Amino acid sequence: EAIALAQKIANPPPDAVLEVSDYDTQAGIPVFVARWEHVVNNVPVEDDYLQVLINGKTKKAFAFHRRWHTVDPKPGLR
């Protein structure tokens, strides 16, 4: 149930790989964490991720974080 809600909110693109899908506790409250990493050609893209936090009691999302960019596959100076 929680992962389905997280997927609906994050709408992960095809190059997203589910990295974490588990419950954690924050300030004594159960929180479901779903986090996807950005992977291109089997290489993780540094610092790119999608993350959804869901209150474990109410089953409602309370945070969505997105850091994602389009990777330039051409070699060159960065």
Side-chain angles (χ1 to χ4, degrees):
E1 179 181 328
I3 189 64
L5 176 59
Q7 286 176 321
K8 183 177 178 182
I9 292 167
N11 192 24
D15 53 354
V17 176
L18 187 62
E19 180 181 27
V20 175
S21 172
D22 204 357
Y23 279 90
D24 193 8
T25 302
Q26 295 181 5
I29 298 171
V31 175
F32 181 79
V33 180
R35 181 180 175 103
W36 291 263
E37 67 178 337
H38 188 183
V39 178
V40 176
N41 296 326
N42 293 321
V43 177
V45 178
E46 188 175 3
D47 295 330
D48 275 15
Y49 67 94
L50 304 170
Q51 180 171 285
V52 179
L53 302 178
I54 298 172
N55 183 305
K57 286 185 177 181
T58 65
K59 306 294 187 217
K60 293 185 180 182
F62 65 90
F64 173 51
H65 307 277
R66 179 183 176 98
R67 178 176 162 85
W68 207 269
H69 71 281
T70 303
V71 175
D72 182 359
K74 295 180 292 194
L77 297 176
R78 303 274 191 252

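Everything quoted here is computed from the prediction, not taken from an experiment. Residue numbers count from 1 along this sequence.
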* Inter-residue atom distance E46.CD - R67.CZ, 0.5 Å rounding -> 8.5 Å

* What is the minimum heavy-atom distance between L50 and A10, and which atoms define it? -> CD1-O, 4.2 Å

* **L53 CG to H65 NE2 distance, which is reported to the nearest 0.5 Å** => 5.0 Å

* Structure fact -> Heavy-atom closest pair (Y23 atom, A2 atom, distance to 0.1 Å) is OH-CB, 4.0 Å

* Give the intermediate values and the outcome of side-chain contact (heavy atoms from CB on, under 4.5 Å) for residues R66 and W36. => CA-CA 10 Å; R66 179 183 176 98; W36 291 263; over 6 Å; no

* Is the backbone N or O of K74 less than 3.5 Å from a side-chain atom of D72, with the two atoms forming a donor-acceptor pair by type? -> yes

* Asked: Can you name the closest pair of heavy atoms from A6 and V52 and give their distance?
  -> O-CG2, 3.8 Å

* Would you say R35's side chain and Y49's backbone share a donor-acceptor pair under 3.5 angstrom? -> no

* Asked: So V71 and D15, side-chain contact (heavy atoms from CB on, under 4.5 Å) or not? Walk me through it.
  -> CA-CA 11 Å; V71 175; D15 53 354; over 6 Å; no

* Answer with yes or no whether the hydrophobic clustering places V40 together with L18; edges join I, L, V, M, F, W, Y residues whose side-chain heavy atoms lie under 4.5 Å apart. => no

* To do: Following the transitive rule for hydrophobic clusters with a side-chain heavy-atom cut-off under 4.5 Å over Ile, Leu, Val, Met, Phe, Trp and Tyr, establish whether F32 and F64 coincide in one cluster.
  => yes

* Asked: K59 versus L5: any side-chain heavy-atom pair under 4.5 Å?
  -> no

* Determine, using the 4.5 Å side-chain heavy-atom cutoff (strictly less than), whether V33 and F62 are members of one ILVMFWY cluster. => yes

* Please report the closest heavy-atom contact between H69 and V45, naming both atoms and the distance. => CE1-CG1, 3.5 Å

* To do: Fit a plane to each ring of H38 and W68, take the angle between them on a 0 to 90° scale, and name the class: parallel (under 30°), tilted (30 to 60°) or perpendicular (over 60°).
  => parallel

* **Gap between atom CD1 of I9 and atom CD1 of I54 - 0.5 Å precision** => 5.5 Å

